[in-house]
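Some notes on the structure that comes next.
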Amino acid sequence: MKRNYTVEARAGVLIVLLTFLITSCSTQATTQYWGQIDPPQDNKMRYITGSEPESLDPSYVTGQPEARILIGLYDRLVEYHPKTMSPIPALATHWEANEKGDVYTFHLRENGKFSNGDPIKAQDFVWSFQRALSPELASRYGFLGYDIKYAEAYNAGKAFVKKDGKFVRVKGAEGTEPDQENATEEGDNEEQTADSETTAQAAPSNEEEGCTFTAPECVTVAGDEESRNEAAAEDEELKALIEGAEFVPVEAKHLGVEAPDDFTVRVTLKQSAPYFVGLLTHQFFAVVHRPTIEEHGKDWIKPENIVTSGSYKLKEWKPYDSMTIEKDPNNWDAANVKLDEITFYPMDEQPTMMNIYKAGRVDALYNHTVPAAWNEYIRQFKDEYLLHPEMSIEYYTFSVKKPPVDKVEVRRAFSLAIDREALEKFRKTVKKLGNFTPEGIFPDYEKVRTRVFQELLKKEGISEETWGKRYFDPQRACDLMKEAGYTVQPTDGGKCKVTDFPADQMTISYNTAESNKAVAEFVQAQWRQNLGITVQLKNMEWKTYLDYRSKVEYTGAARAGWVGDYMDPFTFLSQFYTQQNDSSTGWWKEEFDALLEKANNTADPEKRFELLAEAEFMMLQEQPIAPLATQGTSWMKKPYVKGMYPNPGTMHPWKFVYIEEDRNKWDANVDGIMTDYTDPAVEAQVEALTKTQTDFEASRKQNEESAKAGE
Amino acid sequence: MLKFILKRLLIIVPMALLVVTVTWVLIRVAPGNFYSTERSLPPAIEENIKKKYGLDQPWYIQYGTMMGNILRLDFGDSLKYQGQSVNEIIARHFPYSAILGLLAYLLALGIGLFAGIVAALKQNSAFDYGSMAAAMLGLSVPNFVLGPLLVLLFSLYLYWLPPARWGGPLYLIMPVVTLAAIYAAYIARLTRAGMLEVMRSDYIRTARAKGLKESKVLLKHALRGGIIPVVSFTGPALASLLAGTVVVEKVFAIPGLGNIFIQSVLNRDEPLILGIVAFLSILIMVANLIVDISYGFLDPRIRYE
């Protein structure tokens with residue numbers, strides 16, 4: 001009998017103990033660090049990067065979890081700067097653009113090697129780019145390379161148009177001879193068709209080069225007959241163009257990428273794109289090993305086959321459990337790679353990650369890993385918790401073609417009726433956002449933008465005070481509702497009640513997630529308080545929601561987030577570029593497109609930013625979206641992990657990361673890690689790498705100056 | 001008996017195909033697809049993807065291809081995980097779930113049977129009340145609460161056990177206990193009820209009257225009848241334990257089939273979803289068959305024609 005009681009008693013003790021624990025853990029934060037804090041002794045780091053990687057093919061994957069691993073596994077022409085993410089030399093020691101900004105020449109280092117010891121040459125890059133953009137690979141990131149000449153045409157399986165033995169060229173393309181333009185215009189002329197055979201045989205010599213990327217740009221049309229005819233049915237000009245024409249498919253060889261010699265890569269763009277070098281930091285442009293891929297096909301990424309090109313190579317891959325990469329002695333920069341091994345644990349559950357971190361079984365986490373409910377508590381660990389602005393924004397899109405938000409006044413009113421400062425306090429990890437490009441990420445652009453906006457405001461007759469209040473201005477929101485023709489009853493504190501607003505037609509749609517729900521409820525409450533309008537909320541499973549939003553099936557507002565792909569405001573603004581844009585709003589404006597195009601054809605960075613700012617202003621004035629917040633990084637690392645920074649994309653070039661055993665050198669108060677103090681070891685490493693490019697630029701400048709002086 | 005088994009085995013095939021077909025329709029009806037992301041794709045890229053994966057074919061051809069593959073027991077490649085075949089993924093991750101499930105099952109069975117039998121024999125004793133109270137607690141505390149509580153105590157407060165992931169035996173303790181708790185509780189209650197009922201039945205009285213030893217009465221006669229409800233519960237329970245339990249695998253970051261299954265649905269990874277569904281439906285049907293057969297051994301009153 002005695003034993004029976006002890007079972008009961010033990011169960012009781014356990015329950016009491018657990019209850020104690022739950023209540024006590026919220027009050028126990030008295031130590032400097034959170035949980036176990038012993039640096040690993042074997043120079044091997046452990047990191048949680050998010051979901052299970054879908055592949056190790058750099059040109060194919062799209063997720064951030066994969067991207068972080070692939071930074072270690074594959075080298076690109078340029079590497080991310082560990083702090084700013086701007087491009088620094090990697091396999092390219094230095095590079096230059098032509099005056100027009102549409103041809104980039106990269107000079108490769110000669111000691112680049114794949115993990116199997118094969119040398120990395122310019123031809124490898126040419127092949128890697130061609131493969132990345134091939135329709136057969138069907139990479140979802142293909143569009144990242146669309147700035148390269150004929151990349152889009154190749155990726156989309158388009159064809160050149162040949163008439164009378166001559167390629168039809170884009171009108172006004174440089175070097176186009178007038179008689180060729182005539183040929184396109186009179187293309188369907190009976191007479192011309194008749195003697196086309198003879199002209200084909202005696203093609204003029206300049207046609208021999210065909211549609212290479214150095215020749216004037218050729219016209220491309222859909223590659224398969226069916227869609228070509230479909231498009232032609234609605235387009236008279238196209239119909240005339242394709243009638244009686246021959247079609248030459250755009251092939252890999254037409255892409256604007258070439259290797260003039262073993263260590264020079266030349267990329268020809270379809271137009272100037274000043275952000276292009278920054279884009280090349282992306283894993284999509286990594287160099288891959290041709291013989292391996294040709295031999296093994298889709299199995300080339302298997303651990304027994306894979307050949308990589310980065311500072312690390314694959315050691316072990318246990319799907320859904322762990323992936324370990326180890327330092328590659330063949331890498332050109334191996335001497336400066338600090339960690340021997342990095343193990344990545346794929347994981348999705350935030351509390352589980354936090355537990356593992358606290359127990360000291362991983363050394364760092366990826367961004368947004370601290371659960372919202374824990375934030376207040378985790379924040380106290382100032383040496384570990386990293387909250388810095390991120391190249392990522394949160395906003396609500398409006399369905400601009402459907403009432404009731406088809407009127408710009410209504411959209412603006414809804415945007416102004418959200419108290420963004422309160423949102424910032426409520427969300428804890430974000431910063432209020434009044435523009436579309438995130439704040440605190442592109443300092444050079446922001447400087448220009450402030451100036452340009454001031455000028456534009458003057459022009460539009462908007463006072464700076466009104467503009468400054470765009471983060472929250474209930475009074476003006478009410479006025480706008482009145483302007484839109486609704487009946488408005490003023491209530492206390494400049495707020496109002498819009499009595500005849502069709503609230504049943506206005507919903508906030510979002511994909512199911514705790515944080516999205518919290519924000520939607522917050523905004524719902526704001527609109528109820530400030531405008532007296534109670535809108536409905538509608539949540540959906542992620543993939544269902546994506547489909548619903550991108551087809552603009554919603555009415556009212558929908559939650560959206562955007563993460564930049566490269567360090568340039570264009571990665572945000574391009575969302576509204578072209579009629580079939582990504583904005584999920586239905587908004588499009590020709591003038592906006594024109595400004596973006598003009599901006600990208602402007603070589604001078606400052607002038608270019610001015611044009612981009614102008615475009616941003618134009619879009620904001622039409623309010624197809626209500627900006628809400630710039631996201632914060634919100635992750636943790638143990639203080640002994642050094643050379644790892646809360647940069648805007650949470651992309652860590654691993655060769656800078658190391659483990660510091662000496663407690664005195666540990667990172668402290670990481671709020672200032674980006675600005676207040678520097679790590680001499682990392683600074684020196686970055687400087688040594690950047691030197692080739694800065695030296696090159698300096699000597700080029702000197703040459704130019706001496707040439708001028710010589711004149 | 002043999003005829004019965006054969007008949008049941010033959011039904012499994014069309015049943016599994018039916019389940020797969022229904023699942024396939026459900027996937028097709030659900031909006032979204034495996035390649036959709038925050039960014040809408042340029043139409044040309046979407047075309048490329050559709051062409052690469054045969055999604056540009058009419059639905060009946062796609063359905064036919066899929067069924068043909070399944071009949072050859074080849075579920076094709078995962079759409080999400082490049083170059084990994086569905087068969088390979090199931091074969092790789094099922095063992096994690098199976099080990100975890102089997103251990104939890106044995107633990108639950110051990111604790112549950114012991115507690116249930118003793119409680120029934122010593123009805124209304126302190127042990128009876130105590131263990132049945134504990135069982136109620138086990139039934140009402142969901143495993144997504146129990147798991148984190150255990151982690152809190154043993155990993156983050158005492159630093160005794162690893163908080164998550166798959167490793168040596170130490171890693172298994174908490175997930176197995178978490179998983180077993182609810183089943184142990186259920187089995188204990190079922191065993192107790194079953195045993196109480198049987199102990200009062202005529203044939204036990206007859207056995208005792210014949211002067212059989214109490215241990216023989218218990219083990220040979222009472223237990224066999226008493227655990228029939230437990231068997232009908234634990235058969236399917238074993239199948240679902242082996243198939244992987246989403247919550248526990250998520251909380252402890254275990255690379256089991258349950259974890260993969262949920263991810264495959266979220267990823268709209270059609271071949272993987274279909275493969276796992278087919279695999280699990282067969283597993284469950286076989287488990288049910290085994291339960292039905294074991295009735296015959298346990299209860300002489302049940303005979304199969």
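In what follows, every chain begins at residue 1, and chains take the letters A, B, ... in the order their sequences are listed.
Minimum heavy-atom separation, B/I45 to A/S139: CG2-O, 3.4 Å. The heavy-atom pair separating A/D299 from B/G83 by the smallest distance is OD1-O, 3.8 Å.
When each of A/N511, A/D321, A/I301, A/L137 is scored by its heavy-atom pairs under 4.5 Å with chain B, the top score falls to A/D321. Note on A/K302, A/M353, A/R361: by heavy-atom pairs under 4.5 Å with chain B, the leading option is A/R361. Most heavy-atom pairs under 4.5 Å with chain A: of the set B/I254, B/N259, B/I260, this distinction falls to B/I260. Interface summary for chain A: among B/P162, B/G147, B/P148, B/S131, the most heavy-atom pairs under 4.5 angstrom belong to B/P162. Here A/P135 is the residue among A/A156, A/S55, A/S322, A/P135 with the most heavy-atom pairs under 4.5 Å with chain B. Options A/T352, A/D57, A/L56, A/T578 differ in how many heavy-atom pairs under 4.5 Å they form with chain B, and the most are formed by A/T352. The residue among A/E152, A/E136, A/K158, A/K298 with the most heavy atom pairs within less than 4.5 Å of chain B is A/K298.
Of the two parts of B/Y35, the backbone and the side chain both hold a non-hydrogen atom closer than 4.5 Å to a non-hydrogen atom of chain A. Neither the backbone nor the side chain of B/E249 comes within less than 4.5 Å of any heavy atom of chain A. Heavy-atom distances place the side chain of A/D565, and not its backbone, under 4.5 Å from chain B. Heavy atoms closer than 4.5 Å to chain B are found in the side chain of A/Y146, but not in its backbone. Contacts between A/R140 and chain B at a heavy-atom distance below 4.5 Å involve backbone atoms as well as side-chain atoms. If you measure heavy-atom distances from B/K80 to chain A, the contacts under 4.5 Å come from both the backbone and the side chain. With a threshold of 4.5 angstrom between heavy atoms, A/Y345 approaches chain B through side-chain atoms but not through N, CA, C or O.
Proximity of A/K318 to B/W166: side-chain heavy atoms (C-beta onward) are nowhere separated by under 4.5 Å. B/R165 is listed as a side-chain neighbour of A/I356, based on a closest heavy-atom distance under 4.5 Å. Between B/R268 and A/T544 the shortest side-chain heavy-atom distance falls below 4.5 Å. Using a 4.5 Å cut-off on side-chain heavy atoms (C-beta onward), A/E349 and B/V251 make no contact. Contact of the A/P319 side chain with the B/H93 side chain is registered, since non-hydrogen atoms from C-beta on lie closer than 4.5 Å.
Heavy-atom contacts from other residues, nucleotides or ligands closer than 6.0 Å to CD of A/E304 number more than 12. In the displayed structure, B/Y186 atom OH is contacted under 6.0 Å by at most 12 heavy atoms of other residues, nucleotides or ligands. Shown here is B/W160, whose CH2 atom has no more than 12 heavy atoms of other residues, nucleotides or ligands within 6.0 Å.
Side chain of A/K543 to main chain of B/L266: no donor-acceptor pair is present (N/O by atom type, distance under 3.5 Å, no hydrogens or angles). Distance alone, capped at 3.5 Å, places no donor-acceptor pair between the B/K51 side chain and the A/A138 backbone. Distance alone, capped at 3.5 Å, places no donor-acceptor pair between the A/N155 side chain and the B/A44 backbone.
Side-chain atoms of B/N267 and A/E54 include no donor-acceptor pair closer than 3.5 Å.
Separation of atoms CG (B/L156) and CH2 (A/W34) is listed at 7.0 Å; rounding is to 0.5 Å. Considering CD of B/Q84 and CD of A/E52, their distance stands at 7.0 Å, rounded to 0.5 Å. Between the CG atom in A/D547 and the CG atom in B/N33 there is a gap of 7.0 Å [rounded to 0.5 Å].
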**Report entry** Steps toward side chain to side chain contact (heavy atoms under 4.5 Å, CB included) verdict (A/D348, B/K250)
**Finding:** CA-CA 8 Å; A/D348 298 299; B/K250 278 272 175 204; 3.7 Å; yes
